[in-house]
Peer 1: 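Let me begin by handing over the structure; questions about it come next.
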Amino acid sequence: MKKITSLGIILLLSLFSFSVKAEINFDLTTVSGGVLVMDWDAVSAENAKAQTDRWLTLTTIASGTSGKCGTATKTFDIKTGSSRSIMFYLAKCDNLTITANIATGRGLIVTIDGGANIQLDGTGACKDFVVPVNKEVPCVIKVVALTSSSAWTSFFTFSYAAKVPTISAFKINGTSATIDDAAKTITLQMPYGTDISAVTPEVTLGGTATSYSPTGVQNFTSGPIVYTITDGTTPVNYTANITVKSTPDTDKSITSMTINGKVATINEATGAISCEFPSYTGTLGNWPVVFSLNSTTGSVNLVSGTSYDFVTNSSLSITVTAQDNSTKVYTVTPTISTKKNIGMLTLNGKAETYDNLLVSAFSDYYITYLTAGSTAPTDINAFYANFDLIVLHANVSGTNATGVATKAMVGVKPILNLKAFFYNSGRWGWSTAAPLSSAAGIGSADVAIGMQSHPIFSNVTFSGTTLSYYDNLPAANVNGVQYATDLATMTGFNSHTIATFDGTNGIQIHEIQDNLAAKFLMVGLSMEGNNFTYFNSNAINILKNSAAYLLNTTAKYNYTVTGLKDINEKKTIFYSNGLINNPEQKSLVIFDASGIKLKISNDKSINTQNLPKGVYLVQTDNAKMFKFIK
């Protein structure tokens, strides 16, 4: 008998331990439709279980609120380092869909059973990445990051279709039945008056099914009929119960309508259907009217898709007749807006659920939501040609190609930018260091007294120099405000800082006014954690005022003369020969002309020799101001 050496024992033990897996394999056939969606909370809850009771393992991956897609409230902050990974253990799986908003240059790597890397490259926008798994036996799916930068991920969706005979669709006269695969039932109620004594159902087979019976014409007046499907080996029975409604349908409602492709608003109570078109449309036209009825038994005096000449007659009357012969008249009236136009660049080309307060700030304007495409428009000027004001939403990734290309519009069109993170190197390239965001629970900035007369602060309330944007911002919410670290590499423009993050550091609001007809404002805010739902009146008024200021082609705030002319304090405090004389030793705050806080002192004589030549403001301890020029 051969002896087993110590080294051999160690190798055997290591091989044995490597082959043992503590996690269980999740069976997707136990969930409805074989589809399971996992967000951060669901993954965290599963990961909190004992290893022998869970089907996934999350290793050193944190949550965040950046880059959320759809209904996500949190995201997976997936990046390389410290063995960060997610391992999923499944009994079988057809596909994995990863919903993520990953910046360009970043990505994820997926492996199945330790096989070849499947690389998912970021696009700078929300995307569903579909990864074919095609496993009928237990498998392990591992997800890691491509780079050390965050690949913000919202959902992992697993799907599996049972490989057994099924009926995937059942229709009569074009009406789809409800199929319960678990109970193996098919249910359909046909409209009043339908003859079901001789109908030919349209049966669509699924799974492994190859044939079914009975086929052809069927009589359902005598009761349910059992359909047997098979793959040649396994028969499966479905019971089809087809009935007829006992009374005529009274429904005569129009549920949806588009006019020339634009969604109309339906007032069901009055029958008024309205649709406002932006002013750049020009005039009403001969436009197609496409609509849907709520009931299949109703009839209408106009064929959906028919073009109507709204130039000749500005309104259209549509009469819907229900099966019981009752009628309802709808009046369709499209209009051309007289409002100025905002083109708002957003992540998904629409207002999100957290945008209600943001949108309310621009109620005086017609908003067109533009999708921040992962490929920049060929002609960025043409992309924004129809708009009087460009608004860059904070939910657009800082690396998004369309957002980056919008830099070319600075000084060409008025722009309100809500995202400081466009300023990074390799993006707009305006800052030497990456912009930053506020810590949890912080949603304020600092505006020097001398800057509070700027038109964007009309009807805004300050607490000293503190400007608060939020009410009841949750203590855990981060990124309430964003700010540029500097604008040292911005060339070709003159910038004026209006608000800083903390009175000394960070540029939270700044303006470029070189071209009065195309002024630029950055107000750094973040929607992460649904922050925008906590906007107070200050935030709404600043956004509203900013739009009005930018669209006023003659408005210009004078940054040299602040408009604060109260110099009563000069009787005791004055500037002379490089010194601020402060005989009563009051607490003085010195700002530069752009509002940056430079120094606080109560010395009797304050030396300014270290300050360059320029215009400066001094605020006293009773909030009085005076200006000196060095």
Side-chain angles (χ1 to χ4, degrees), residues 64-69 75 77 79 100-107 121-127 145-152 343-349 370-381 383-384 390-438 478-479 481-495 497 501 505-512 514 518 520-528:
T65 55
S66 296
K68 292 182 292 186
C69 299
T75 49
D77 182 6
K79 49 191 173 185
N101 181 5
I102 306 173
T104 53
R106 308 179 190 181
D121 293 316
T123 63
C126 284
K127 179 178 178 179
L146 178 65
T147 71
S148 59
S149 297
S150 300
W152 300 108
M344 185 179 291
L345 189 71
T346 67
L347 175 65
N348 296 311
L370 307 171
T371 301
S374 57
T375 301
T378 303
D379 186 341
I380 196 69
N381 284 275
F383 183 74
Y384 289 116
I390 299 168
V391 176
L392 301 179
H393 197 298
N395 65 14
V396 179
S397 168
T399 62
N400 176 266
T402 303
V404 172
T406 304
K407 175 186 176 184
M409 301 306 297
V410 178
V412 178
K413 288 264 189 181
I415 297 176
L416 175 57
N417 174 29
L418 303 182
K419 192 175 190 75
F421 284 87
F422 284 127
Y423 293 178
N424 298 52
S425 174
R427 301 175 188 181
W428 286 19
W430 282 3
S431 301
T432 58
L436 298 170
S437 298
S438 57
V478 296
N479 300 349
V481 298
Q482 301 178 353
Y483 53 95
T485 51
D486 60 65
L487 294 173
T489 50
M490 183 180 73
T491 58
F493 303 104
N494 296 304
S495 175
T497 298
F501 173 58
N505 302 303
I507 301 168
Q508 199 268 326
I509 304 178
H510 77 101
E511 178 185 3
I512 298 170
D514 299 356
F520 176 95
L521 279 170
M522 188 275 280
V523 181
L525 299 169
S526 173
M527 77 298 155
E528 295 175 12

Peer 1: Mind checking whether Asn494 and Ile512 have side chains closer than 4.5 Å, heavy atoms only?
Peer 2: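 Side chain of Asn494 against side chain of Ile512, heavy atoms only: no contact under 4.5 Å found.
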Peer 1: Mind listing the closest non-hydrogen atom pair of Ala376 and Thr402 along with its distance?
Peer 2: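 Looking at all heavy atoms of both residues, the closest pair is CA-OG1, 4.0 Å.
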Peer 1: Is the backbone of Gly373 close enough, under 3.5 Å, to the side chain of Asn400 for a donor and an acceptor to pair up by distance?
Peer 2: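 Such a contact is found between Asn400 side chain and Gly373 backbone.
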Peer 1: Under the salt bridge (Lys or Arg N to Asp or Glu O under 4.0 Å) rule, collect the residues that match up with Lys79, sequence neighbours excluded.
Peer 2: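 Applying salt bridge (Lys or Arg N to Asp or Glu O under 4.0 Å) to Lys79 gives Asp77.
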Peer 1: For residues Asn348 and Cys126, determine if any side-chain heavy atom of one lies less than 4.5 Å from a side-chain heavy atom of the other.
Peer 2: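 Yes. Closest side-chain heavy atoms under 4.5 Å.
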Peer 1: Can you list everything that forms a side chain to side chain donor-acceptor pair (under 3.5 Å) with Asp121? Sequence neighbours excluded, please.
Peer 2: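 By the side chain to side chain donor-acceptor pair (under 3.5 Å) rule, Asp121 matches Gln119.
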Peer 1: Do Leu392 and Thr406 have side chains that approach each other closer than 4.5 Å (heavy atoms only, starting at C-beta)?
Peer 2: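 Counting from C-beta outward, Leu392 and Thr406 do come under 4.5 Å.
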Peer 1: For a quick test of reading the model, state the closest non-hydrogen atom pair linking Ala100 to Cys69 and the distance between them.
Peer 2: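 What the structure gives for the nearest pair is C-SG, 3.8 Å.
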Peer 1: With sequence neighbours excluded, tell me which residues meet ring-ring contact (aromatic ring centres under 6.0 Å, His included) with His393.
Peer 2: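 His393 satisfies ring-ring contact (aromatic ring centres under 6.0 Å, His included) with Phe532 only.
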Peer 1: Gln482 side chain to Ser437 main-chain N or O, any donor-acceptor pair under 3.5 Å?
Peer 2: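 Side chain of Gln482 to backbone of Ser437, a donor-acceptor pair under 3.5 Å: no, none is there.
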Peer 1: To check you understand the geometry: which heavy-atom pair defines the closest contact between Ser397 and Asn101, and what is its length?
Peer 2: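 So the minimum-distance heavy-atom pair works out to CB-OD1, 4.5 Å.
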Peer 1: Give every donor-acceptor pair under 3.5 Å between a side-chain atom in residues 426-435 and any protein atom, sequence neighbours left out.
Peer 2:
{"residue": "Arg427", "atom": "NH1", "partner": "Phe421", "partner atom": "O", "Å": "2.8"}
{"residue": "Arg427", "atom": "NH1", "partner": "Asn424", "partner atom": "OD1", "Å": "3.4"}
{"residue": "Trp428", "atom": "NE1", "partner": "Gly403", "partner atom": "O", "Å": "3.1"}
{"residue": "Trp428", "atom": "NE1", "partner": "Val404", "partner atom": "O", "Å": "3.4"}
{"residue": "Ser431", "atom": "OG", "partner": "Asp486", "partner atom": "O", "Å": "2.6"}
{"residue": "Thr432", "atom": "OG1", "partner": "Asp486", "partner atom": "OD1", "Å": "3.4"}
{"residue": "Thr432", "atom": "OG1", "partner": "Asp486", "partner atom": "OD2", "Å": "2.5"}

Peer 1: At what distance, to the nearest 0.5 angstrom, does CH2 of Trp152 lie from NZ of Lys68?
Peer 2: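 It is 11.0 Å, given to the nearest 0.5 Å.
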Peer 1: Quick one: CE on Met522 to CD on Gln508, what's the gap to the nearest 0.5 Å?
Peer 2: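 Between atom CE of Met522 and atom CD of Gln508 there are 7.0 Å.
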Peer 1: Could you tell me which residues satisfy side chain to side chain donor-acceptor pair (under 3.5 Å) with Asn417, sequence neighbours excluded, listed by chain and number?
Peer 2: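 Result, side chain to side chain donor-acceptor pair (under 3.5 Å) vs Asn417: none returned.
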Peer 1: Measuring only between side-chain heavy atoms, which start at C-beta, is Leu418 closer than 4.5 Å to Leu416?
Peer 2: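 Heavy-atom side-chain distance check passes, below 4.5 Å.
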Peer 1: State, to 0.1 Å, how close Tyr423 and Ala484 come at their nearest heavy-atom pair, and which atoms those are.
Peer 2: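 It is CD1-CB, 3.7 Å.
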Peer 1: Is there a ring-ring contact (aromatic ring centres under 6.0 Å, His included) between His510 and Phe493 once you walk through the steps?
Peer 2: CA-CA 12 Å; His510 77 101; Phe493 303 104; 10.0 Å; no
Peer 1: Any heavy-atom pair between the side chains of Ile415 and Val410 that's under 4.5 Å?
Peer 2: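 With C-beta onward as the side chain, the pair touches.
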Peer 1: Would you say that Asn479 contacts Met527 through its side chain, given a criterion of any heavy-atom pair below 4.5 Å between the two side chains?
Peer 2: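 The answer is no; the side chains never approach within 4.5 Å.
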Peer 1: Between Thr346 (side chain only) and Thr371 (backbone N and O only), is there a donor and an acceptor less than 3.5 Å apart?
Peer 2: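 It does not hold such a pair.
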Peer 1: Do the non-hydrogen side-chain atoms of Leu436 and Thr485 ever get within less than 4.5 Å of each other?
Peer 2: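 Side-chain contact under 4.5 Å: yes.
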Peer 1: I'd like to check the side chain to side chain donor-acceptor pair (under 3.5 Å) partners of Ser374; sequence neighbours left out, ordered by chain and number.
Peer 2: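 With neighbours one apart ignored, the set is empty.
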Peer 1: Locate the shortest heavy-atom distance separating Ala151 from Gly107; write the atom from each residue and the value.
Peer 2: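 Shortest heavy-atom separation between Ala151 and Gly107 comes out as CB-O, 3.7 Å.
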Peer 1: May I ask you to test the Leu370-Tyr384 pair for a side-chain heavy-atom distance under 4.5 Å?
Peer 2: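 Yes - at least one pair of side-chain heavy atoms lies under 4.5 Å apart.
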Peer 1: Carefully, step by step, assess Phe422 and Val396 under the rule side chain to side chain contact (heavy atoms under 4.5 Å, CB included).
Peer 2: CA-CA 9 Å; Phe422 284 127; Val396 179; 4.0 Å; yes
Peer 1: Can you measure from NZ (Lys413) to CZ (Phe520) and round to the nearest 0.5 angstrom?
Peer 2: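 The CZ atom of Phe520 is 15.5 Å from NZ of Lys413, to the nearest 0.5 Å.
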Peer 1: Check step by step if side chain to side chain contact (heavy atoms under 4.5 Å, CB included) holds for Asn381 and Val412.
Peer 2: CA-CA 9 Å; Asn381 284 275; Val412 178; 3.9 Å; yes
Peer 1: Quick one: does Arg106's side chain have a donor or acceptor within less than 3.5 Å of a partner on Leu146's backbone?
Peer 2: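 Side chain of Arg106 to backbone of Leu146, a donor-acceptor pair under 3.5 Å: no, none is there.
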